[in-house]
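By convention in this document, chain letters (A, B, ...) are assigned in the order of the sequence lines, proteins followed by strands, and residues within each chain are numbered from 1.
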Protein chains: 2
Amino acid sequence: MSEQMAKRLQEAGYRLTAPRLAVLQVLGMKGEDLSPAEVLKRGRVIYPDLSRATVYRTLELLTEMGMLRPVYLGERGSHLACVAEGHHHLLCLDCGRTIHFDDCVLSELEHTLAQRLGFQIKSHLLEFYGLCEHCQRDKASST
Amino acid sequence: MSEQMAKRLQEAGYRLTAPRLAVLQVLGMKGEDLSPAEVLKRGRVIYPDLSRATVYRTLELLTEMGMLRPVYLGERGSHLACVAEGHHHLLCLDCGRTIHFDDCVLSELEHTLAQRLGFQIKSHLLEFYGLCEHCQRDKASST
DNA sequence: CTGATTGCAAAAATTTTGCAAGCCT
DNA sequence: AGGCTTGCAAAATTTTTGCAATCAG
(Lines give C-alpha, C1' and ligand atoms only; values in the text may rest on other atoms or scores of the structure.)
Protein backbone atom coordinates (compact mmCIF):
# COMPACT_ATOMS: atom_id res chain seq x y z
CA MET A 1 0.00 0.00 0.00
CA SER A 2 2.48 2.60 1.15
CA GLU A 3 5.05 0.88 -1.05
CA GLN A 4 2.97 1.67 -4.07
CA MET A 5 2.67 5.31 -3.12
CA ALA A 6 6.39 5.44 -2.49
CA LYS A 7 7.03 3.99 -5.88
CA ARG A 8 4.85 6.54 -7.58
CA LEU A 9 6.56 9.37 -5.78
CA GLN A 10 9.93 8.11 -6.79
CA GLU A 11 8.92 7.58 -10.37
CA ALA A 12 7.66 11.13 -10.49
CA GLY A 13 11.12 12.28 -9.52
CA TYR A 14 10.57 12.97 -5.83
CA ARG A 15 12.98 11.72 -3.24
CA LEU A 16 12.16 9.03 -0.78
CA THR A 17 13.11 10.51 2.54
CA ALA A 18 12.52 9.16 6.01
CA PRO A 19 9.89 11.81 6.84
CA ARG A 20 7.95 11.07 3.68
CA LEU A 21 8.10 7.37 4.23
CA ALA A 22 6.79 7.84 7.74
CA VAL A 23 3.81 9.79 6.43
CA LEU A 24 3.17 7.20 3.75
CA GLN A 25 3.32 4.43 6.28
CA VAL A 26 0.79 6.16 8.50
CA LEU A 27 -1.54 6.72 5.58
CA GLY A 28 -1.20 3.18 4.37
CA MET A 29 -1.65 1.76 7.79
CA LYS A 30 -5.31 1.93 8.49
CA GLY A 31 -6.56 2.95 5.10
CA GLU A 32 -8.86 5.29 6.94
CA ASP A 33 -9.38 9.00 7.12
CA LEU A 34 -7.01 11.06 9.19
CA SER A 35 -6.55 14.72 9.96
CA PRO A 36 -3.16 16.31 9.36
CA ALA A 37 -2.71 16.55 13.12
CA GLU A 38 -3.39 12.85 13.48
CA VAL A 39 -0.94 12.04 10.73
CA LEU A 40 1.68 14.09 12.51
CA LYS A 41 1.08 12.35 15.81
CA ARG A 42 1.27 8.88 14.36
CA GLY A 43 4.10 9.79 12.05
CA ARG A 44 6.20 10.85 14.99
CA VAL A 45 5.92 7.38 16.43
CA ILE A 46 7.76 6.19 13.36
CA TYR A 47 10.01 9.19 12.82
CA PRO A 48 10.20 11.37 15.94
CA ASP A 49 11.68 14.43 14.25
CA LEU A 50 8.84 14.70 11.79
CA SER A 51 7.67 18.28 11.53
CA ARG A 52 4.19 19.55 11.03
CA ALA A 53 5.32 21.46 7.97
CA THR A 54 6.55 18.31 6.34
CA VAL A 55 3.27 16.59 7.00
CA TYR A 56 1.41 19.39 5.26
CA ARG A 57 3.86 19.45 2.41
CA THR A 58 3.63 15.72 1.92
CA LEU A 59 -0.14 15.63 2.14
CA GLU A 60 -0.35 18.39 -0.41
CA LEU A 61 2.01 16.56 -2.70
CA LEU A 62 0.07 13.33 -2.48
CA THR A 63 -3.18 15.16 -3.03
CA GLU A 64 -1.84 16.86 -6.11
CA MET A 65 -0.74 13.53 -7.44
CA GLY A 66 -4.18 12.14 -6.89
CA MET A 67 -3.25 9.59 -4.27
CA LEU A 68 -5.07 11.33 -1.48
CA ARG A 69 -8.25 13.26 -1.21
CA PRO A 70 -10.11 15.28 1.40
CA VAL A 71 -13.20 13.70 2.80
CA TYR A 72 -15.98 15.14 4.89
CA LEU A 73 -16.57 13.32 8.11
CA GLY A 74 -18.67 15.73 10.06
CA GLU A 75 -15.81 16.66 12.33
CA ARG A 76 -14.01 19.95 12.16
CA GLY A 77 -10.95 20.36 10.07
CA SER A 78 -9.91 18.49 7.02
CA HIS A 79 -9.63 14.77 6.75
CA LEU A 80 -7.81 12.81 4.14
CA ALA A 81 -8.36 9.40 2.72
CA CYS A 82 -6.21 7.25 0.53
CA VAL A 83 -7.62 7.16 -2.88
CA ALA A 84 -6.86 3.56 -3.76
CA GLU A 85 -10.09 2.72 -5.51
CA GLY A 86 -13.35 4.37 -4.81
CA HIS A 87 -14.32 5.36 -1.35
CA HIS A 88 -17.92 5.05 -0.23
CA HIS A 89 -19.68 5.84 2.97
CA LEU A 90 -22.85 6.95 4.65
CA LEU A 91 -22.63 9.72 7.19
CA CYS A 92 -25.21 10.23 9.89
CA LEU A 93 -25.91 13.94 10.14
CA ASP A 94 -26.97 13.55 13.72
CA CYS A 95 -24.39 11.46 15.52
CA GLY A 96 -21.63 11.62 12.95
CA ARG A 97 -21.25 7.88 12.68
CA THR A 98 -19.96 6.72 9.33
CA ILE A 99 -20.66 3.43 7.66
CA HIS A 100 -18.53 2.26 4.80
CA PHE A 101 -19.84 0.09 2.04
CA ASP A 102 -18.38 -1.54 -0.99
CA ASP A 103 -21.11 -1.86 -3.55
CA CYS A 104 -20.00 0.04 -6.51
CA VAL A 105 -22.49 0.63 -9.23
CA LEU A 106 -20.52 3.45 -10.66
CA SER A 107 -18.25 1.83 -13.17
CA GLU A 108 -20.83 2.16 -15.89
CA LEU A 109 -21.50 5.80 -15.13
CA GLU A 110 -17.77 6.36 -14.88
CA HIS A 111 -17.31 4.96 -18.32
CA THR A 112 -20.12 7.00 -19.80
CA LEU A 113 -18.84 10.23 -18.33
CA ALA A 114 -15.29 9.51 -19.34
CA GLN A 115 -16.39 9.11 -22.92
CA ARG A 116 -18.80 11.97 -23.03
CA LEU A 117 -16.54 14.50 -21.37
CA GLY A 118 -13.16 13.19 -22.39
CA PHE A 119 -12.20 12.84 -18.78
CA GLN A 120 -9.72 10.27 -17.58
CA ILE A 121 -11.21 9.17 -14.28
CA LYS A 122 -8.89 7.89 -11.60
CA SER A 123 -11.10 7.46 -8.59
CA HIS A 124 -14.22 8.65 -6.94
CA LEU A 125 -15.84 9.55 -3.69
CA LEU A 126 -19.42 8.76 -2.89
CA GLU A 127 -21.01 10.00 0.29
CA PHE A 128 -24.58 9.60 1.40
CA TYR A 129 -25.98 11.86 4.10
CA GLY A 130 -28.86 11.00 6.31
CA LEU A 131 -29.87 9.56 9.62
CA CYS A 132 -28.72 6.24 10.98
CA GLU A 133 -31.18 3.81 12.44
CA HIS A 134 -30.42 4.89 15.97
CA CYS A 135 -30.87 8.60 15.36
CA GLN A 136 -34.11 8.11 13.48
CA ARG A 137 -35.52 6.54 16.59
CA ASP A 138 -34.28 9.38 18.76
CA LYS A 139 -35.89 11.93 16.47
CA ALA A 140 -39.18 10.08 16.46
CA SER A 141 -39.37 9.87 20.21
CA SER A 142 -38.52 13.53 20.71
CA THR A 143 -41.34 14.61 18.40
CA MET B 1 -34.65 27.99 -2.48
CA SER B 2 -33.55 30.18 0.38
CA GLU B 3 -37.20 30.44 1.36
CA GLN B 4 -37.28 26.73 1.91
CA MET B 5 -34.19 26.82 4.07
CA ALA B 6 -35.65 29.72 6.03
CA LYS B 7 -38.81 27.78 6.59
CA ARG B 8 -36.95 24.76 7.87
CA LEU B 9 -34.95 26.90 10.25
CA GLN B 10 -38.06 28.49 11.60
CA GLU B 11 -39.86 25.22 11.96
CA ALA B 12 -36.93 23.88 13.92
CA GLY B 13 -37.41 26.72 16.35
CA TYR B 14 -34.65 29.04 15.18
CA ARG B 15 -35.28 32.73 14.67
CA LEU B 16 -35.25 34.33 11.30
CA THR B 17 -32.93 37.26 11.64
CA ALA B 18 -31.64 39.62 9.01
CA PRO B 19 -28.08 38.21 9.18
CA ARG B 20 -29.32 34.67 8.73
CA LEU B 21 -31.56 35.61 5.88
CA ALA B 22 -28.64 37.31 4.17
CA VAL B 23 -26.57 34.16 4.44
CA LEU B 24 -29.44 32.04 3.17
CA GLN B 25 -29.95 34.35 0.26
CA VAL B 26 -26.30 34.14 -0.71
CA LEU B 27 -26.35 30.37 -0.50
CA GLY B 28 -29.55 30.09 -2.47
CA MET B 29 -28.37 32.51 -5.09
CA LYS B 30 -26.09 30.56 -7.29
CA GLY B 31 -26.60 27.13 -5.86
CA GLU B 32 -22.85 26.71 -6.16
CA ASP B 33 -20.02 26.09 -3.78
CA LEU B 34 -18.71 28.94 -1.71
CA SER B 35 -16.11 29.40 0.97
CA PRO B 36 -17.10 31.00 4.26
CA ALA B 37 -15.10 34.07 3.27
CA GLU B 38 -17.02 34.33 0.02
CA VAL B 39 -20.30 33.98 1.83
CA LEU B 40 -19.29 36.79 4.14
CA LYS B 41 -18.34 39.06 1.28
CA ARG B 42 -21.51 38.50 -0.65
CA GLY B 43 -23.61 38.53 2.48
CA ARG B 44 -22.37 42.00 3.34
CA VAL B 45 -23.74 43.30 0.08
CA ILE B 46 -27.14 42.33 1.39
CA TYR B 47 -26.59 43.06 5.06
CA PRO B 48 -23.51 45.24 5.59
CA ASP B 49 -23.17 44.61 9.32
CA LEU B 50 -22.91 40.87 8.85
CA SER B 51 -20.09 39.49 10.94
CA ARG B 52 -17.75 36.68 10.12
CA ALA B 53 -18.73 34.92 13.32
CA THR B 54 -22.35 34.89 12.31
CA VAL B 55 -21.47 33.43 8.94
CA TYR B 56 -19.62 30.58 10.61
CA ARG B 57 -22.38 30.06 13.11
CA THR B 58 -25.02 29.98 10.42
CA LEU B 59 -23.06 27.69 8.15
CA GLU B 60 -22.52 25.32 11.03
CA LEU B 61 -26.18 25.37 11.87
CA LEU B 62 -27.22 24.64 8.31
CA THR B 63 -24.66 21.88 8.05
CA GLU B 64 -25.91 20.27 11.22
CA MET B 65 -29.41 20.38 9.88
CA GLY B 66 -28.27 18.70 6.72
CA MET B 67 -29.00 21.57 4.38
CA LEU B 68 -25.40 22.26 3.60
CA ARG B 69 -22.34 20.14 3.14
CA PRO B 70 -18.62 20.60 2.65
CA VAL B 71 -17.29 19.82 -0.77
CA TYR B 72 -13.78 19.39 -2.02
CA LEU B 73 -12.88 21.60 -4.91
CA GLY B 74 -9.16 21.39 -5.00
CA GLU B 75 -8.78 24.85 -3.58
CA ARG B 76 -7.64 25.56 -0.08
CA GLY B 77 -10.08 25.92 2.72
CA SER B 78 -13.52 24.55 3.04
CA HIS B 79 -16.27 24.99 0.53
CA LEU B 80 -19.91 24.48 1.06
CA ALA B 81 -22.67 23.44 -1.24
CA CYS B 82 -26.38 23.47 -0.80
CA VAL B 83 -27.62 20.00 -0.37
CA ALA B 84 -30.87 20.29 -2.25
CA GLU B 85 -30.71 17.05 -4.13
CA GLY B 86 -27.56 15.24 -4.98
CA HIS B 87 -24.47 17.02 -6.07
CA HIS B 88 -22.20 15.54 -8.72
CA HIS B 89 -19.01 16.64 -10.29
CA LEU B 90 -15.73 15.66 -11.84
CA LEU B 91 -12.60 17.34 -10.59
CA CYS B 92 -9.44 17.58 -12.63
CA LEU B 93 -6.53 16.82 -10.34
CA ASP B 94 -4.24 18.84 -12.52
CA CYS B 95 -5.90 22.14 -13.31
CA GLY B 96 -8.63 22.02 -10.70
CA ARG B 97 -11.41 22.57 -13.17
CA THR B 98 -14.72 21.09 -12.09
CA ILE B 99 -17.44 19.80 -14.33
CA HIS B 100 -20.90 19.25 -12.97
CA PHE B 101 -23.20 16.62 -14.32
CA ASP B 102 -26.72 15.55 -13.59
CA ASP B 103 -26.96 11.89 -14.43
CA CYS B 104 -27.97 10.18 -11.31
CA VAL B 105 -27.86 6.45 -11.29
CA LEU B 106 -27.79 6.31 -7.56
CA SER B 107 -31.41 6.17 -6.57
CA GLU B 108 -31.42 2.41 -6.80
CA LEU B 109 -28.27 2.03 -4.74
CA GLU B 110 -29.64 4.59 -2.33
CA HIS B 111 -32.71 2.51 -1.85
CA THR B 112 -30.78 -0.70 -1.38
CA LEU B 113 -28.48 0.80 1.19
CA ALA B 114 -31.31 2.47 3.04
CA GLN B 115 -33.02 -0.86 3.42
CA ARG B 116 -29.99 -2.91 4.21
CA LEU B 117 -28.52 -0.53 6.75
CA GLY B 118 -31.65 1.08 8.08
CA PHE B 119 -30.36 4.46 7.04
CA GLN B 120 -32.65 7.31 6.11
CA ILE B 121 -30.79 8.94 3.25
CA LYS B 122 -31.27 12.63 2.65
CA SER B 123 -28.78 13.47 -0.03
CA HIS B 124 -25.48 12.51 -1.51
CA LEU B 125 -22.27 13.75 -2.95
CA LEU B 126 -20.52 12.09 -5.83
CA GLU B 127 -17.13 13.26 -6.96
CA PHE B 128 -14.94 11.78 -9.66
CA TYR B 129 -11.26 12.57 -9.75
CA GLY B 130 -9.10 12.43 -12.80
CA LEU B 131 -7.67 14.39 -15.63
CA CYS B 132 -9.64 16.60 -17.96
CA GLU B 133 -9.16 16.39 -21.68
CA HIS B 134 -6.86 19.35 -21.73
CA CYS B 135 -4.54 18.12 -18.99
CA GLN B 136 -4.29 14.65 -20.48
CA ARG B 137 -2.84 16.24 -23.56
CA ASP B 138 -0.39 18.28 -21.52
CA LYS B 139 0.80 15.20 -19.69
CA ALA B 140 1.24 13.26 -22.88
CA SER B 141 3.33 15.94 -24.49
CA SER B 142 5.57 16.38 -21.47
CA THR B 143 6.40 12.68 -21.36
C1' DC C 1 -40.72 40.67 27.94
C1' DT C 2 -37.09 37.08 27.41
C1' DG C 3 -33.98 34.48 25.82
C1' DA C 4 -31.94 33.50 21.30
C1' DT C 5 -28.78 35.89 18.33
C1' DT C 6 -25.47 39.32 16.98
C1' DG C 7 -21.07 41.97 16.35
C1' DC C 8 -16.83 42.78 18.07
C1' DA C 9 -12.44 41.66 19.27
C1' DA C 10 -9.49 38.58 21.32
C1' DA C 11 -8.11 33.73 21.44
C1' DA C 12 -7.39 29.33 19.42
C1' DA C 13 -6.47 26.38 15.84
C1' DT C 14 -4.88 25.42 11.36
C1' DT C 15 -1.93 26.11 7.48
C1' DT C 16 1.89 28.37 5.02
C1' DT C 17 6.50 30.15 4.39
C1' DG C 18 11.61 31.70 4.72
C1' DC C 19 15.89 29.92 5.49
C1' DA C 20 19.98 27.52 6.83
C1' DA C 21 21.26 22.78 7.56
C1' DG C 22 20.95 18.02 6.01
C1' DC C 23 20.22 14.11 3.08
C1' DC C 24 18.98 11.40 -1.25
C1' DT C 25 20.65 10.12 -5.56
C1' DA D 1 28.60 17.47 -5.23
C1' DG D 2 24.05 19.50 -6.16
C1' DG D 3 19.84 20.69 -5.20
C1' DC D 4 15.62 18.74 -3.35
C1' DT D 5 13.85 18.34 1.51
C1' DT D 6 13.67 19.17 6.19
C1' DG D 7 12.84 21.31 10.77
C1' DC D 8 12.17 25.34 13.07
C1' DA D 9 9.83 29.27 14.21
C1' DA D 10 7.42 33.09 12.74
C1' DA D 11 3.61 34.72 9.81
C1' DA D 12 -0.70 34.26 7.64
C1' DT D 13 -5.13 32.44 7.54
C1' DT D 14 -9.11 30.36 9.23
C1' DT D 15 -12.26 29.29 12.87
C1' DT D 16 -14.01 29.69 17.59
C1' DT D 17 -15.49 32.04 21.71
C1' DG D 18 -16.87 35.45 25.60
C1' DC D 19 -19.83 39.05 26.41
C1' DA D 20 -22.78 42.99 26.45
C1' DA D 21 -26.21 44.89 23.41
C1' DT D 22 -30.01 43.87 20.31
C1' DC D 23 -33.88 41.83 18.24
C1' DA D 24 -37.50 38.20 16.93
C1' DG D 25 -41.41 36.16 18.57
Give me the one residue out of A:Leu68, A:Val23, A:Leu9 that meets side chain to side chain contact (heavy atoms under 4.5 Å, CB included) with A:Leu61.
-> A:Leu9
Output the single nucleotide from D:dT5, C:dC19, C:dA4 whose closest atom is nearest the side chain of A:Arg57.
-> C:dC19
N/O (side chain, A:Gln10) to phosphate O (OP1/OP2, C:dC24) under 4.0 Å = no
Between P of C:dT15 and CG of A:Leu59, the distance in whole Å = 9 Å
B:Arg15 CZ to D:dA24 C1': how many Å, rounded?
-> 5 Å
For atom OH of A:Tyr56 and atom P of D:dA10, their distance in whole Å = 18 Å
Closest nucleotide of DNA chain D for A:Asp49 versus for B:Ala37: which of these residues is on the 5' side?
-> A:Asp49
Rounded to whole Å, the CD-C1' distance (A:Glu11 to C:dT25) equals 16 Å
First of A:Leu16 and B:Arg44 reached from the 5' end of DNA chain C, by closest nucleotide | B:Arg44
Rounded off to whole Å, could you give me the CD-to-C1' distance for the B:Glu64 and D:dT16 pair?
-> 14 Å
Given atom CZ of A:Arg20 and atom P of C:dG22, what is their separation to the nearest angstrom?
-> 19 Å
Which nucleotide in the set C:dT15, C:dT6, D:dC8 lies at the smallest distance from any side-chain heavy atom of A:Arg52?
-> C:dT15
Closest to the B:Thr17 side chain, choosing from C:dT6, C:dG7, D:dG7 | C:dT6
With a cut-off of 6.0 Å (strictly less than), are more than 12 heavy atoms of other residues, nucleotides or ligands near CZ of B:Arg52?
-> no
Using the side chain to side chain contact (heavy atoms under 4.5 Å, CB included) rule, pick out the option among B:Leu40, B:Val39, B:Leu59 that qualifies with B:Leu34.
-> B:Val39
Please determine, for the side chain of B:Ser51, which listed nucleotide (D:dG25, D:dT15, C:dG7) has the closest atom?
-> C:dG7
Spacing between A:Leu50 atom CG and D:dT6 atom P, to the nearest angstrom | 9 Å
Minimum-distance nucleotide to B:Tyr47 side chain [options: C:dT15, C:dG7, D:dG7] | C:dG7
State the CZ-CZ distance between A:Arg57 and A:Arg20, to the nearest 0.5 angstrom.
-> 9.5 Å
When rounded to the nearest 0.5 Å, the distance separating CD of A:Glu127 from NE2 of B:His124 is 11.0 Å
Report the distance from atom CD of A:Glu60 to atom P of C:dT14, rounded to the nearest whole Å.
-> 18 Å
